[in-house]
Amino acid sequence: MAERLSVGALRIINTSDASSFPPNPILQVLTVKELNSNPTSGAPKRYRVVLSDSINYAQSMLSTQLNHLVAENKLQKGAFVQLTQFTVNVMKERKILIVLGLNVLTELGVMDKIGNPAGLETVDALRQQQNEQNNASAPRTGISTSTNSFYGNNAAATAPAPPPMMKKPAAPNSLSTIIYPIEGLSPYQNKWTIRARVTNKSEVKHWHNQRGEGKLFSVNLLDESGEIRATGFNDQVDAFYDILQEGSVYYISRCRVNIAKKQYTNVQNEYELMFERDTEIRKAEDQTAVPVAKFSFVSLQEVGDVAKDAVIDVIGVLQNVGPVQQITSRATSRGFDKRDITIVDQTGYEMRVTLWGKTAIEFSVSEESILAFKGVKVNDFQGRSLSMLTSSTMSVDPDIQESHLLKGWYDGQGRGQEFAKHSVISSTLSTTGRSAERKNIAEVQAEHLGMSETPDYFSLKGTIVYIRKKNVSYPACPAADCNKKVFDQGGSWRCEKCNKEYDAPQYRYIITIAVGDHTGQLWLNVFDDVGKLIMHKTADELNDLQENDENAFMNCMAEACYMPYIFQCRAKQDNFKGEMRVRYTVMSINQMDWKEESKRLINFIESAQ
Ligand SMILES: [Zn+2]
């Protein structure tokens, strides 16, 4: 194994710049240790890993996206790893290797420590570098900060920072611009600079409430390692809004790092940045070093399998551009401008995408252009559709491979093709277990579900609070697939439809139940399949009890009551004695999955914070 190790790699990484780093070094894991983090912060665990090349060892921080390797016990003491992506950062005046990607070489097994590796004098090297810079840029002060002092490394590590006059202004080679990957940011360090591209800039939003008024804006920032969202309030809007331009690359330092409020963003990062009075932002000289945008496309066909409210990336050919419409939000009574457009892709599906506000009004892309969307939200209104969020971005004819492939397909065969939609039925009653949007009873009523021409589907978490005892079931034709009501002919039962007489009917449920939740109560109709699940008996059995054992019947009714379920329902207009009204029918029920429901609640509570 020893011959596979990249002997000497750590010293090179420690002393040279990124351009001379050895590619994909192979190292041995000496220890894996979880860093102490605040367990209530909600942030994922972080691991510190000591890596050895058999001559030296070095501390490294594992990017959280690699945490699963620790959980799966693949990344363990004695194992061998090949780094595929890494960088070196300065944390608390120490150089630390940040590992963004690695492969565990399981074929090399697990071994005792190879060789007798020594620690790298990271602090010494760093102080020396710093001193050289200070000496070069400031008058001699006669103060020595030699690391060979009595206090050794500790003294150096805790030595006071040089006075401000000795600080060099930010320049590409100075310490303050050693670039952190966005992925490496956390609230536990505050000396960092990122180099990132603004991929999205919001409009300035104003708010007024009891506590006062204010304004804010936010940007999405991207580098090779990941993305983060940054927000500026009030004075920081004035200071930075005009400086930050979408598409440009900036050096950014001195922001507060907070836990991300994920309900407001599609950015995959557990943290977010807040601009402060001291925040420094400077446009980068090199605008090309940072990727333009990172997409993780979902095909339009696959959108049918994505959960509602998921935030995804899609790419397609623009087929149709609808007019700008003014709509009023049911929830807030505020007016919005919206515009629906349709895109298609080579999976043969079309998809409606809704644009809002300024984007909707100013949309002027010509048909058959390629549109790439980052961070659009999945709705299940009328099958499946997509909706832009304020954090979403739309690129027209982006210069990426997917775009060129799509263009080629469209010119070749796509232009004349028919496209499929994700239908309402497939999104509400599919066998994949996907279900209609969860509503509470007040929402079902406030949103007038079922009052339009097409039925609406919804799911409801509720408890049966009452079961009507009259007409629980009806005598039905026992022939297969004929559920018609049959009539007692005195000794035999006649089905008009089958034109036949039977010795006995088969009873089928038509139960009316009242279901309650914390917002109200709703009457639901239940037919035979669901009735059996609720009553734990067939309608024949229950009918028998009702006729012969009143007590047992009442007990059965009582036991079925006060049970919680998830009801999958349809709301549909119904002409009842000349009057239109909405009938709610239970299509299926699910037992409460308490674990799943608890997760939903936790997500809801977290999103409300
Ligand atoms: Zn029949």
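Remember, it's 1-based here, ligands and their atoms both numbered in the order they're listed. Residues take their numbers from the sequence shown, with the count starting at 1.
Side-chain contact between R570 and F458 is absent, with no heavy-atom pair separated by less than 4.5 Å.
L524 contributes atom CG, which lies 13.0 Å from atom OH of Y565 (distance to the nearest 0.5 angstrom).
Distance alone, capped at 3.5 Å, places no donor-acceptor pair between the S218 side chain and the T231 backbone.
The Zn ion (ligand 1) has C477 SG, C482 SG, C495 SG, C498 SG as its protein N, O or S neighbours under 2.8 Å.
Between K461 and D517, no side-chain nitrogen of the basic residue sits less than 4.0 Å from a carboxylate oxygen of the acidic one, so the salt-bridge criterion is not met.
Open room surrounds NZ on K484; 12 or fewer heavy atoms of other groups in view lie less than 6.0 Å from it.
E368 pairs in a side-chain hydrogen bond (donor to acceptor under 3.5 Å, both in side chains) with only one of the listed residues (R415, K407, Q319), which is R415.
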